[in-house]
There are 2 protein chains.
Amino acid sequence: MDAEAIRRSLEGSGLRCTPQRYAVMAFLMEQNRHSTAAEIFEAVNRVDPRSSRATTYNNLRDLVKAGLVRDVAVEGRAARFEAKGMRHHHFICDRCGKVEDIEWYDVPRPASGSIGKRVLRECELIFRGLCTKCAPARASRKVS
Amino acid sequence: MDAEAIRRSLEGSGLRCTPQRYAVMAFLMEQNRHSTAAEIFEAVNRVDPRSSRATTYNNLRDLVKAGLVRDVAVEGRAARFEAKGMRHHHFICDRCGKVEDIEWYDVPRPASGSIGKRVLRECELIFRGLCTKCAPARASRKVS
DNA sequence: TATCATATTAGATATAATCTAAATTATTGA
DNA sequence: TCAATAATTTAGATTATATCTAATATGATA
Ligand SMILES: [Mn+2]
Ligand SMILES: [Mn+2]
Ligand SMILES: [Zn+2]
Ligand SMILES: [Zn+2]
């Protein structure tokens, strides 16, 4: 999309806008998905410039640390990454592990007694169940 | 605690109550924590019977599949496991990755339009920030 | 241009989890 | 009782995921 905007967001975070780093960020922004490091590595290398695996991991870590990218952990699967855009919640499929966005809505905070001396930064909702692809499959499996 | 109760819950799920499997379940129930597979393996082997690493992983997977144990994914860290007891939410420390329980309270469901054809099984809240141990450390780090 | 911090790289290494195939243990039902 | 069957365990190999190393390259600054 807007190459200049990506460059500015990188440099605004004190990160040089290198071709490899740009490629990771651009890929995450145009795909509106939740990709694994392996998928990102493969995708940015389908076109030049070639980026090493170490660099892909380094850049993902830097981007997460800078707050431009979010790391989504899924039980039993590789980490997934997404460009941080509008706030949203997540739906995670029990069967295929797919992560999907759910429109943001505000979450009631816990009683301050529950939080104690912890410093609360954010609240996020995770929904679990079956995605639209898996729901019918699982339902028919039951029949047999 | 109640050895007979553990035995019954295993057999009620169609799992034999083997010494190795019992040891995993008993450990998770007496510790009220979120342990990694490596920690569980190490703990159940401090006493007999010796259980192999493969068996520890096999049993954790079986117990999760049976719904007796919950697998908690944390970004950048090994999976953590806990015996399923009372419903609760989780607080995850940004700095040390510790997972802590937050008293359960009901979560407003998303608009049905957001869910679409997905099958929703559960909603869970994840709180993020700094745990009581890390909060002061991070605060003083800022000062320097 | 010289200097210095930042970034990239291939390959080695570390960590987490699963697989394999043989042996063991428990269950079933003649 | 005992053979047949199914479930479980095991050591070690293997796979998957992620990080480290140390040499090189690149870009910013003076
Ligand atoms: Mn998302
Ligand atoms: Mn918990
Ligand atoms: Zn699915
Ligand atoms: Zn902490």
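The basis for the numbers below is simple: all heavy atoms, side chains too, and nothing from hydrogens, waters or symmetry mates. Here the structure is a predicted model, which is why all the values come from computation and not from measurement. Residue numbers begin at 1 in each chain, while the letters A, B, ... track the order of the sequences.
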Which residues, ordered by chain and number, are linked to Val72(A) in its hydrophobic cluster, where ILVMFWY side chains connect at heavy-atom gaps below 4.5 Å, directly or through other members?
Val74(A), Ile92(A), Val99(A), Ile126(A), Val72(B), Val74(B), Ile92(B), Val99(B), Ile126(B)

By salt bridge (charged side-chain N to carboxylate O under 4.0 Å, His left out), which residues pair with Asp94(A), not counting sequence neighbours?
Arg121(B)

Pairwise N/O distances under 3.5 Å, protein to nucleotides 3-7 of chain C:
unit_1, atom_1, unit_2, atom_2, d
dA5(C), N3, Arg16(A), NH2, 3.4
dT6(C), O4', Arg16(A), NH2, 3.1
dT6(C), O2, Arg16(A), NH1, 3.2
dA7(C), OP1, Arg16(A), N, 3.1
dA7(C), OP1, Arg21(A), NH1, 2.7
dA7(C), OP1, Arg21(A), NH2, 3.4

Taking side-chain hydrogen bond (donor to acceptor under 3.5 Å, both in side chains) as the definition, give me every residue that meets it alongside Glu39(B), ordered by chain and number, with sequence neighbours left out.
none

Identify each donor-acceptor pair in which a side-chain atom of residues 104-112 of chain A lies under 3.5 Å from a protein atom, sequence neighbours left out, and give them as a table.
unit_1, atom_1, unit_2, atom_2, d
Tyr105(A), OH, Pro108(B), O, 2.5

Scan residues 57-70 of chain B for pairs that pass salt bridge (charged side-chain N to carboxylate O under 4.0 Å, His left out), counting only residues two or more places apart or in two chains.
Arg21(B)-Asp62(B), Arg70(B)-Glu82(B), Arg70(B)-Glu124(B)

Going by the ring pair (Phe, Tyr, Trp, His ring centres under 6.0 Å) test, which pairs reach into residues 55-76 of chain A, not counting sequence neighbours?
none

Taking N or O atoms only and anything under 3.5 Å, show me the protein contacts with nucleotides 14-21 of chain C, one pair per line.
unit_1, atom_1, unit_2, atom_2, d
dA17(C), OP1, Ala79(B), N, 3.4
dA17(C), OP2, Tyr57(B), OH, 3.2

dT8(C) OP1/OP2 closer than 4.0 Å to side-chain N/O of Ser51(A)
no

Can you list every pair that meets side chain to side chain donor-acceptor pair (under 3.5 Å) and has a residue in residues 8-20 of chain B, with sequence neighbours left out?
Arg7(B)-Glu11(B)

Students should find that the nucleotides of DNA chain D closing off the region near chain B, any atom under 4.0 angstrom from a heavy atom, are dA6(D) to dG12(D)

NZ or CZ of Arg118(B) within 45° of Phe127(A) ring axis and under 6.0 Å
no

Sorted by chain and number, sequence neighbours left out, side-chain hydrogen bond (donor to acceptor under 3.5 Å, both in side chains) with Arg33(A) holds for Gln31(A)

According to ring pair (Phe, Tyr, Trp, His ring centres under 6.0 Å), who are the partners of His90(A), at least two apart in sequence or on a separate chain?
His34(A), His88(A)

What is the nucleic acid contact for Thr36(B), judged by heavy atoms within less than 4.0 Å: base, sugar-phosphate only, or nothing?
nothing

